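Read the structure below first, then the notes.
The shown structure was predicted, so the numbers you read here are calculated from the model rather than taken from an experiment. All values below were derived from every heavy atom in this structure, side-chain atoms included, with hydrogens, water molecules and symmetry-related copies excluded.
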Amino acid sequence: MAKRAGVSIATASKAINDRGEVAAATRARVLRAAAELSFQPNILAQGLVAGRTRAIGLLTDEFDGRFAIPILLGAENALSNQEMSVLLCDTRGDAIRRNHHIRTLLARQVDGFIVVGDSNDVRASLTADIPVPAVYVYCRSTNPADLCLVSDDEGGARLAIEHLIALRRKHIAHITGPQSYRAARDRAATVHTVLAEHDLRLAGGQPLHGEWSQRWGRHAARLLIATAPEVDAIFCGNDQIASGVTQALTGLGRRVPDDVAIVGYDNWEIFAADCKPPLTTIDLNLQQLGTTAVTHLFAAIDGRPATGVVRQPCRLVVRESTA
């Protein structure tokens, strides 16, 4: 390329990398020669010269689960816009496997890590073992100096309950997952708070905690109708539970949404959109969470790290189960 453009290799390199000490006419000549030869810069070599590999390591405990893939897609889109790549490692919840992946990624000299959780809950910090910046996504690190991006569970629950109250529902129940999950506890506490703000009490007295499954949704709905037959709305902890609740209510002769309005959580379309009727639900904006993680990671790599917990707002997706 340098020979075709009639310049030295050093000048050709400066022109390709858009450095200012090359005359405009010379740069144009070099770029024209590069186009004629279909020349592509060696990104790896450029990264080594700059002290960066332009690669990010992404660790997840549940690659085949609901949350990791949308976060990965958002992160990958943001990285590709910057001509960077992501190296994905599924730790499967195993500490030995996780440590192996960390060593492998560090050997590849990744510029930083994105650590993806599966429950918006607390997990052990890896920062002491990683000599490059890390951002935690959909989980909270045990180290307060780490940056953690989480979904706003309290805000999402508030959206759901205020939507049902706006529909003039007075007897609102809550069926959700295990109490061991921080997300389930935080949402349940918010349900009580929002209802109290409107001088309402939770139908049935307490949230019904169980599995994150359709089976639990069916069982809990039958139990709820038996103990609180006046219920006219149910906020569910995820879309699987909401789908099971809808099935059970139909079997009990309750019409959705005429008799009982249903709101799910997660906007998992395999359940939400295919439910009969389709579910109103809370979307976690997971792809945006992945994109935001990359933005913060770039800042940390550039020497501008942030710390603490950042809560990303959710959004209400209205479908026929409350319409």
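Under 3.5 Å, the side chains of Thr127 and Asn143 contain no donor-acceptor pair of N or O atoms. Checked by atom type, the side-chain pair Asp90/Thr60 shows no donor-acceptor distance below 3.5 Å. For the 3.5 Å distance criterion, the side chains of Thr292 and Gln288 qualify, holding a donor opposite an acceptor.
No path of Ile, Leu, Val, Met, Phe, Trp and Tyr side chains, each step under 4.5 Å between heavy atoms, connects Val231 with Ile172, placing them in separate hydrophobic clusters. Val137 and Leu126 are not part of a single hydrophobic cluster, where members link through side-chain heavy atoms under 4.5 Å apart. Cluster annotation: Leu87 and Ile56 are assigned to distinct hydrophobic clusters (Ile/Leu/Val/Met/Phe/Trp/Tyr, side-chain heavy-atom contacts under 4.5 Å, transitive). Clustering ILVMFWY residues whenever any of their side-chain heavy atoms sit less than 4.5 angstrom apart, transitively, puts Leu249 in a cluster other than the one holding Phe235. Following chains of ILVMFWY side-chain contacts shorter than 4.5 Å, one can reach Leu105 starting from Val132, so the two form part of one hydrophobic cluster.
When all heavy atoms are compared, the tightest approach of Gly264 to Thr281 is C-OG1, 3.2 Å. The two residues Thr246 and Lys276 have their closest heavy-atom pair at CG2-O, 3.2 Å. A pairwise comparison of heavy atoms in Pro133 and Ala300 identifies CB-CB, 3.6 Å as the closest pair. Across Pro229 and Ala226, no two heavy atoms sit closer than the pair CD-O, 4.4 Å. Closest of all the heavy-atom pairs between Leu284 and Ser151 is CD2-OG, 3.3 Å. Taking every heavy atom of both residues into account, Ser141 and Ser125 meet most closely at OG-CB, 3.1 Å.
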Counting only pairs under 3.5 Å, give me each side-chain donor-acceptor contact of residues 315-323, with atom names and distances, residues two or more places apart or in other chains.
| from | atom 1 | to | atom 2 | distance (Å) |
| --- | --- | --- | --- | --- |
| Arg315 | NE | Asn285 | OD1 | 3.3 |
| Arg315 | NH2 | Asp283 | OD2 | 3.4 |
| Arg319 | NH1 | Asn267 | OD1 | 3.1 |
| Arg319 | NH1 | Leu279 | O | 2.9 |
| Arg319 | NH2 | Asn267 | OD1 | 2.9 |
| Ser321 | OG | Ile262 | O | 2.6 |
| Ser321 | OG | Thr280 | N | 2.7 |
| Thr322 | OG1 | His163 | NE2 | 2.8 |
| Thr322 | OG1 | Thr280 | OG1 | 2.7 |

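In this structure a side-chain-to-backbone donor-acceptor pair under 3.5 Å is present from Thr190 to Asp186. Checked by atom type and distance alone, the side chain of Arg123 never pairs as donor or acceptor with a backbone atom of Thr142 at under 3.5 Å. A donor-acceptor pair under 3.5 Å links the side-chain atoms of Thr291 to the main chain of Gly74, judged by distance alone. A donor-acceptor pair under 3.5 Å is formed between the side chain of Arg185 and the backbone N or O of Gln179. In this structure, Asp232 contributes its side chain and Lys170 its backbone to a donor-acceptor pair below 3.5 Å. Looking at Asp152, its side chain never comes within 3.5 Å of a backbone N or O of Gln312 through a donor-acceptor pair. Trp216 places a side-chain N or O within donor-acceptor distance of the main-chain N or O of Thr176, the cut-off being under 3.5 Å.
To the nearest 0.5 Å, atom CD1 of residue Ile165 and atom CD of residue Glu197 are 8.5 Å apart. Interatomic distance, CZ of Arg182 versus SG of Cys139, reported as 11.5 Å (0.5 Å rounding). The distance from the NE2 atom of His219 to the CG atom of Leu208 is 8.5 Å, given to the nearest 0.5 Å. Atoms CD and CD, on Gln214 and Gln247 in that order, are 5.0 Å from each other to the nearest 0.5 Å. We find the CG-CD1 distance between Asp129 and Ile102 to be 6.0 Å, quoted to the nearest 0.5 Å. How far NE2 of His174 is from CD1 of Ile241: 8.5 Å, rounded to the nearest 0.5 Å.
The side-chain contact (heavy atoms from CB on, under 4.5 Å) with Cys89 is formed by just one residue from the set Arg98, His101, His100; it is His101.
Residues that satisfy the side-chain contact (heavy atoms from CB on, under 4.5 Å) test with Arg201, not counting sequence neighbours, are absent from this structure. For Ala228, the side-chain contact (heavy atoms from CB on, under 4.5 Å) partners are Leu224, Glu230, not counting sequence neighbours.
Between His296 and Arg304, the closest side-chain pair of non-hydrogen atoms is not below 4.5 Å. The side-chain heavy atoms of Trp212 and Pro178, taken from C-beta on, include a pair separated by under 4.5 Å. Between Leu202 and Pro207 the shortest side-chain heavy-atom distance falls below 4.5 Å. Proximity of Ile114 to Val294: side-chain heavy atoms (C-beta onward) are separated by under 4.5 Å at one or more points. Residues Phe113 and Val135 fail the side-chain proximity criterion, which asks for heavy atoms closer than 4.5 Å.
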Item to complete: Go through the steps to decide whether Glu154 and Arg158 satisfy the test salt bridge (Lys or Arg N to Asp or Glu O under 4.0 Å), and finish with yes or no.
Response: CA-CA 6 Å; Glu154 294 91 339; Arg158 178 173 288 275; over 6 Å; no

Hey, mind stepping through Asn77 and Gln287 against side-chain contact (heavy atoms from CB on, under 4.5 Å) and telling me if it holds? CA-CA 9 Å; Asn77 286 339; Gln287 285 202 34; 4.0 Å; yes

Do Leu72 and Val116 pass the side-chain contact (heavy atoms from CB on, under 4.5 Å) test, and can you show the C-alpha distance, the side-chain angles, and the key distance before you say yes or no? CA-CA 9 Å; Leu72 171 63; Val116 179; over 6 Å; no

* Check the pair Leu147, Tyr136 against side-chain contact (heavy atoms from CB on, under 4.5 Å), reporting the backbone distance first and the verdict last. => CA-CA 6 Å; Leu147 176 66; Tyr136 296 77; over 6 Å; no

- Task: Apply the test side-chain contact (heavy atoms from CB on, under 4.5 Å) to residues Val150 and Val310: give CA-CA distance (whole Å), side-chain angles for both, the deciding distance (0.1 Å), then the verdict.
- Result: CA-CA 6 Å; Val150 299; Val310 177; over 6 Å; no

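Taking the six-membered ring where tryptophan is involved, the planes of Phe271 and Trp268 are perpendicular, since the angle between them exceeds 60° and thus also 30°.
When the shell of 6.0 Å around CD1 of Ile270 is examined, it contains 12 or fewer heavy atoms from other residues, nucleotides or ligands.
For the pair Arg187 and Tyr265, the cation sits on the ring face: its NZ or CZ lies under 6.0 Å from the ring centre, inside 45° of the axis.
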